[in-house]
Amino acid sequence: MNMITNHLPTAELQALDAAHHVHPFTHNAALAKKGSRVITRARGVTLTDSDGNEMLDAMAGLWCVNVGYGREELAEVAARQMRELPYYNAFFQTTHVPAIALAQKLSELAPGDLNHTFFAAGGSEANDTNIRLVRTYWDIKGKPAKKVIISRKNGYHGSSVGSASLGGMPAMHAQGGIPIPDIHHIGQPNWWAEGGDMDPDAFGLKRARELEDAILEMGEDRVAAFIAEPIQGAGGVIVPPETYWPEIQRICDKYEILLIADEVITGFGRTGNWFGSQTFGIRPDIMTIAKGLSSGYAPIGGSILSDEVAQVISSEEFNHGYTYSGHPVAAAVALENLRILEEEKILDHVRDVAAPYLREKWLAMVDHPLIGEAKIVGMMGSIQMTPDKDSRAGFAAGKGTAGLICRDRCFANGLVMRHVGDRMIISPPLILTHGDIDTLIARATRSLDETHAALKADGLLKAA
Ligand SMILES: *Cc1c(COP(=O)(O)O)cnc(C)c1O
């Protein structure tokens, strides 16, 4: 058998990758020409590529490596579980210890009476569960007309047919015949891009009331649920104005609409609490979890249900499940990850050490000539590049012009920072030290300076 190892030359790995590996969310032909970057190992907050370059990973992989890379305990637990019981399901009136223990632990950590978990292998699957679950819930309650799920433009809930339908990404909706029926999208609380002359708080209320307008227009008897991320992640780390969530909560309560908080990014310490719902005072009926649940060491996600939702859905057979629902190795890894977060007091580290320092440095970036807005909650932040701070304009050369340049400059400067259009975003491991934060800010600032110089040299600093 051919062994494809880290020891092959980079060019050879790139050629094999281009020949056989189709990448997600990628123009694959363009990438094949350029060659992909081969990541070979990681420790703490640092990635190493096949040429030996080191990068500070300010995205924690894809928002998931909350405890950082290289944790021996997680590898040990996975190996032990694989030896003892590598796989079994929960379909045949059977169960196993890792799933029991993880479900119990989640009921302890999740707020309110969110005490029951239906497992999946990731966030997309969990949100597909939620679609079938909330519609079945209302069927059982004798309100079968309640089918519509309201979500938001520029929201992200995953990439399966169902979860991408919930999401509000136009580029995704343009492919593969989605959204599915009975999903309705309202506007997002993105004040920078869409707030016009309104002040942020008034704009937050306005966008929340689009939910009420939609419910009144369709009829309360047709609306099953509202789903949203406490902070939009893939949409660009959009932090809603303070007025937004209380108004959303009021509306869901008033019209008996199930509230689903998609906590796939905001869960497990990212905002300084166990869940973003606690940070924003949201009382969801269902929470979607994944990513930081296992710090990305194993694929696992799920839906945490309130007592009432679980009781209703348990009163009939629910014809739904995945081969890997509650996978024992993934569940054991998740449980160990939660133990690390808890025993090492990583949430305290976020609240008392990392987040306050990162906040101070991050918000100061608004003074950079290219930055019009800086936002941060806990350990997720965004900065908006603009050619004209006052008018909050985009770039005449098109959305993403500056973003792409800056992303490439970041890689060259040893920093993984992602761009969404011309917004640069971070979601680093929660274990960041003050020294790491200094490094992150220094590399980000250098990358912004270089981006600014490049835009200027090419005459691209023009407002749209
Ligand atoms: C990543 C993400 C998902 C999808 O999770 P997958 O594990 O990629 O299926 C869903 N919701 C949110 C908010 C996410 O960020």
Side-chain angles (χ1 to χ4, degrees), residues 23-26 59-66 117-133 149 151-169 171-173 176 178-179 183 185 188-190 225-240 245 259-271 275-277 279-280 282 284 286-304 322-327 330-331 333-334 337 377-382 418 420 423 425-428:
H23 291 238
F25 285 101
T26 295
M59 282 306 297
L62 266 177
W63 325 81
C64 53
V65 189
N66 288 11
T117 300
F118 189 104
F119 288 111
S124 304
E125 282 189 0
N127 279 326
D128 277 21
T129 297
N130 292 338
I131 293 172
R132 301 196 58 209
L133 194 144
I149 303 174
S151 62
R152 305 181 301 180
K153 294 170 187 165
N154 200 36
Y156 187 81
H157 299 293
S159 195
S160 60
V161 167
S163 62
S165 296
L166 291 177
M169 299 294 182
M172 294 177 77
H173 288 180
I178 57 167
I183 309 286
H185 297 88
Q188 59 169 335
N190 181 350
F226 173 68
I227 182 168
E229 308 153 80
I231 298 169
Q232 287 155 264
V237 184
I238 309 299
V239 180
W245 273 112
L259 175 53
I260 308 170
D262 187 337
E263 294 264 11
V264 169
I265 290 173
T266 48
F268 307 103
R270 177 68 45 208
T271 69
F275 296 97
S277 291
T279 302
F280 288 93
I282 308 165
I286 299 172
M287 281 191 334
T288 317
I289 55 171
K291 294 190 172 130
L293 169 59
S294 66
S295 282
Y297 281 63
I300 185 165
S303 307
I304 314 185
Y322 306 109
T323 301
Y324 298 137
S325 285
H327 190 286
V333 168
N337 175 60
V377 175
M379 302 296 276
M380 57 193 296
S382 51
R418 178 171 167 184
V420 175
R423 214 169 164 90
I425 62 181
I426 57 166
S427 174

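In listed order, ligands and their atoms are each counted from 1. Values below: every heavy atom of this structure, side chains too, minus hydrogens, waters and symmetry copies.
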Just to be sure I read this right, does ligand 1 sit under 4.0 Å from the backbone of [X], its side chain, both, or neither, counting only heavy atoms?
X: His157; value: backbone
X: Tyr156; value: both
X: Glu125; value: neither

Which of the numbered atoms in ligand 1 are below 4.0 angstrom from a heavy atom of [X]?
X: Gly122; answer: 7 (O)
X: Asp262; answer: 10 (C), 11 (N), 12 (C), 13 (C)
X: Glu229; answer: 13 (C)
X: Ile265; answer: 15 (O)

Please verify the inter-ring angle class for His185 with His173; under 30° counts as parallel, over 60° as perpendicular, anything in between as tilted.
tilted
Are Asn154 and Met169 side-chain neighbours, meaning at least one heavy-atom pair lies under 4.5 Å?
yes
Is the shortest side-chain heavy-atom distance between Tyr322 and Asp128 below 4.5 Å?
yes
Based purely on interatomic distance, does [X] place a nitrogen or oxygen under 3.5 Å from a nitrogen or oxygen of ligand 1?
X: Ser124; result: yes
X: Gly123; result: yes
X: Trp63; result: no

Please give me the minimum heavy-atom distance between Val264 and Ile289, naming the atom from each residue.
CG2-C, 4.0 Å
Quick one: does [X]'s side chain have a donor or acceptor within less than 3.5 Å of a partner on [Y]'s backbone?
X: Ser325; Y: Phe119; value: yes
X: Glu263; Y: Gly276; value: yes
X: Arg270; Y: Pro428; value: yes

Work out whether the distance between some heavy atom of Lys291 and some atom of ligand 1 is less than 4.0 Å.
yes
To the nearest 0.5 Å, how far apart are CD1 in Ile131 and OG in Ser163?
7.0 Å
